[in-house]
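These notes concern the structure reproduced below.
Residues take their numbers from the sequence shown, with the count starting at 1. Read the numbers this way: they start at 1 and go in the same order the structure lists the ligands and their atoms. Note that this is a predicted model, so its numbers are computed, not measured.
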Amino acid sequence: MNNSVYLDNNATTPVDPAVARRVSESLDLYGNPSSMHTPGRQANRAIESARGEVAALIHARQSDEVIFTGCGSESNNAVLNVLFSPKLRQSGRKRFITTVIEHPSIYELDGMLESRGIEVVRIPVDGSGLIDLEAYRKALNEDTALISVMAANNEIGTIQDIPEISRRAREVGALVHTDAVQAAGKMSVDVQTWDVDYLSLSAHKIYAPKGIGALYIRGGVPFTPFLLGGHQEQGRRAGTYNTTGILAMGEAARLAREQLDEESRRIRTLRDMLQEGIRERIERIRINGSIEHRVPGTLNVSFLGAEGESILLYLDMEGISVSTGSACATGSLDPSYVLMELGIGAELAHGSIRFSLGRFTTEDDITCVLEKLPPIIQRLRRMSTL
Ligand code: PLP
């Protein structure tokens with residue numbers, strides 16, 4: 001049974017009907033896109049058109065600066081591989097600067113990087129999740145090879161000042177990557193004004209199916225392929241093209257670009273309605289993340305005296321899907337490291353719920369949550385004081 005109110009769009013999005021149609025059409029394009037015959041050329045043309053759509057979404061100068069990958073995690077991993085490219089090795093630069101709130105596909109690679117001679121520096125964030133620019137400035141030096149800062153955080157939605165981060169990185173000649181998986185489709189993503197060398201995307205966050213991502217690689221910057229043994233993607237990623245996934249991502253990118261302004265306005269209004277409604281109805285809460293610099297659809301709230309997992313399960317029984325930064329979501333009992341880095345303490349981190357709205361969220365959905373949530377919190381708080 002599908003839950004009727006789906007507020008977990010940062011985890012993944014439903015497939016847009018227009019994207020589903022493109023998936024269906026793609027199945028007729030069975031030719032190997034690398035083949036020279038007609039079916040191959042037809043598939044190849046469709047792929048190049050999809051690449052153009054993804055490039056347009058992020059304002060890349062040329063569509064061949066975009067390669068397709070298996071997911072956002074692969075795009076992130078592939079960028080870190082750049083640290084071992086001959087060009088960077090020769091330069092002698094071995095410092096990698098990142099933040100304490102990156103997605104695990106960056107965050108958890110520290111050990112591997114350090115074991116291979118990279119010096120990893122993690123920049124802290126303030127109470128709203130914005131990186132400490134002073135610590136960042138101090139960390140930058142002539143030894144810095146690469147910096148990676150996410151454009152928008154998946155748990156709290158906080159948006160970083162990527163143009164400023166890039167500007168400072170340029171002063172020491174470092175390469176810049178941003179993980180824009182949670183930013184694409186929610187805000188303007190522009191590799192030119194952001195001045196980044198690499199940028200990661202994932203299709204399933206923009207209403208396309210899972211299993212396809214993309215990576216922007218600015219023309220001329222170092223890149224060491226991650227998957228070897230094929231000429232695809234101009235030698236930057238081996239493996240037969242995923243025609244269906246790529247076409248789906250292209251269509252999703254087109255829709256995201258065309259609907260961005262109107263959609264983000266509509267979603268922001270609904271998110272703010274949810275936020276204010278919760279504030280009015282429930283005491284002892286904390287809104288996590290920056291209020292001002294936040295993607296439109298994300299609302300992360302801690303409910304003091306209630307466990308996130310219990311709230312999630314009670315809401316689920318009411319047909320409402322949300323997520324929690326703590327325990328169950330990660331399969332561990334540790335509170336979310338992102339929330340802990342905000343300095344809110346373990347109790348508030350354990351009581352957090354992330355509501356993430358999307359293209360198909362309606363006002364009725366918000367009304368439903370505002371009706372079902374207060375008695376759940378009340379019940380849980382009563383139970384916890386017993
Ligand atoms: N980066 C961020 C900020 C994410 O939120 C996610 C997914 O949750 C990823 C990267 C990984 O994307 P994928 O699920 O396509 O591997």
Side-chain angles (χ1 to χ4, degrees), residues 6-15 19 54 57-58 66-81 98-110 122 125 129-131 147-160 162 165 177-187 189 194 196 198-216 226-227 237 242 244-246 248-249 252-253 256 288-290 293-300 321-325 328-331 336-339 341 352 354-358:
Y6 183 75
L7 296 183
D8 201 13
N9 288 275
N10 285 13
T12 196
T13 53
V15 174
V19 174
V54 175
L57 178 67
I58 60 172
V66 171
I67 67 166
F68 290 101
T69 63
C71 55
S73 300
E74 182 193 322
S75 300
N76 282 347
N77 277 205
V79 171
L80 298 195
N81 206 33
T98 184
T99 81
V100 291
I101 59 164
E102 297 299 309
H103 185 264
S105 53
I106 296 280
Y107 188 84
E108 288 182 7
L109 271 67
D110 281 21
R122 279 185 182 172
V125 294
L130 288 166
I131 77 162
I147 70 119
S148 177
V149 176
M150 70 200 322
N153 182 268
N154 41 309
E155 290 191 39
I156 51 177
T158 297
I159 297 169
Q160 306 295 340
I162 300 297
I165 287 163
H177 166 245
T178 187
D179 172 351
V181 166
Q182 292 289 346
K186 301 184 175 109
M187 57 186 274
V189 170
W194 288 8
V196 294
Y198 311 93
L199 181 141
S200 304
L201 296 170
S202 174
H204 74 96
K205 311 288 186 181
I206 56 167
Y207 309 96
K210 291 137 195 74
I212 181 82
L215 177 62
Y216 164 78
F226 195 55
L227 281 183
R237 186 192 189 259
N242 172 0
T244 297
I246 293 171
M249 188 167 190
N288 299 313
S290 170
H293 306 284
R294 186 172 43 157
V295 287
T298 303
L299 172 63
N300 190 308
S321 309
V322 297
S323 79
T324 167
C328 289
T330 54
S336 139
Y337 63 89
V338 172
L339 295 179
E341 291 294 346
S352 89
R354 178 187 67 188
F355 302 92
S356 49
L357 289 62

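- At a heavy-atom distance under 4.0 Å, only side-chain atoms of N76, from C-beta outward, approach ligand 1.
- In this structure, the side chains of V100 and V125 come closer than 4.5 Å at one or more pairs of heavy atoms.
- Within ligand 1, counting atoms from 1 as listed, the ones closer than 4.0 Å to a heavy atom of N154 are 3 (C), 5 (O).
- Where the criterion is an N or O separation shorter than 3.5 Å, residue side chain and backbone included, G72 meets it with respect to ligand 1.
- Of the polar atoms of Q182, at least one N or O is found under 3.5 Å from an N or O of ligand 1, judged by distance alone.
- Distance alone, capped at 3.5 Å, is enough to place a donor-acceptor pair between the S336 side chain and the V338 backbone.
- Interface atoms of ligand 1 facing D179, defined by a heavy-atom separation under 4.0 Å, are 1 (N), 2 (C), 3 (C), 10 (C).
- Looking only at side-chain heavy atoms (C-beta outward), Q182 and T298 stay at 4.5 Å or farther from each other.
- Within the 3.5 Å criterion, the main-chain N or O of H204 finds a donor-acceptor partner in the side chain of T12.
- Polar contact with ligand 1: present for K205 (N/O pair, distance under 3.5 Å).
- Within ligand 1, counting atoms from 1 as listed, the ones closer than 4.0 Å to a heavy atom of M150 are 3 (C).
- Residue-level proximity to ligand 1 for K210 is absent, since no heavy atom of it falls below 4.0 angstrom.
- In this structure, L215 CG and L199 CG are separated by 8.0 Å, a value rounded to the nearest 0.5 Å.
- For the pair H177/I106, a side-chain contact is recorded, criterion being any heavy-atom separation below 4.5 Å from C-beta on.
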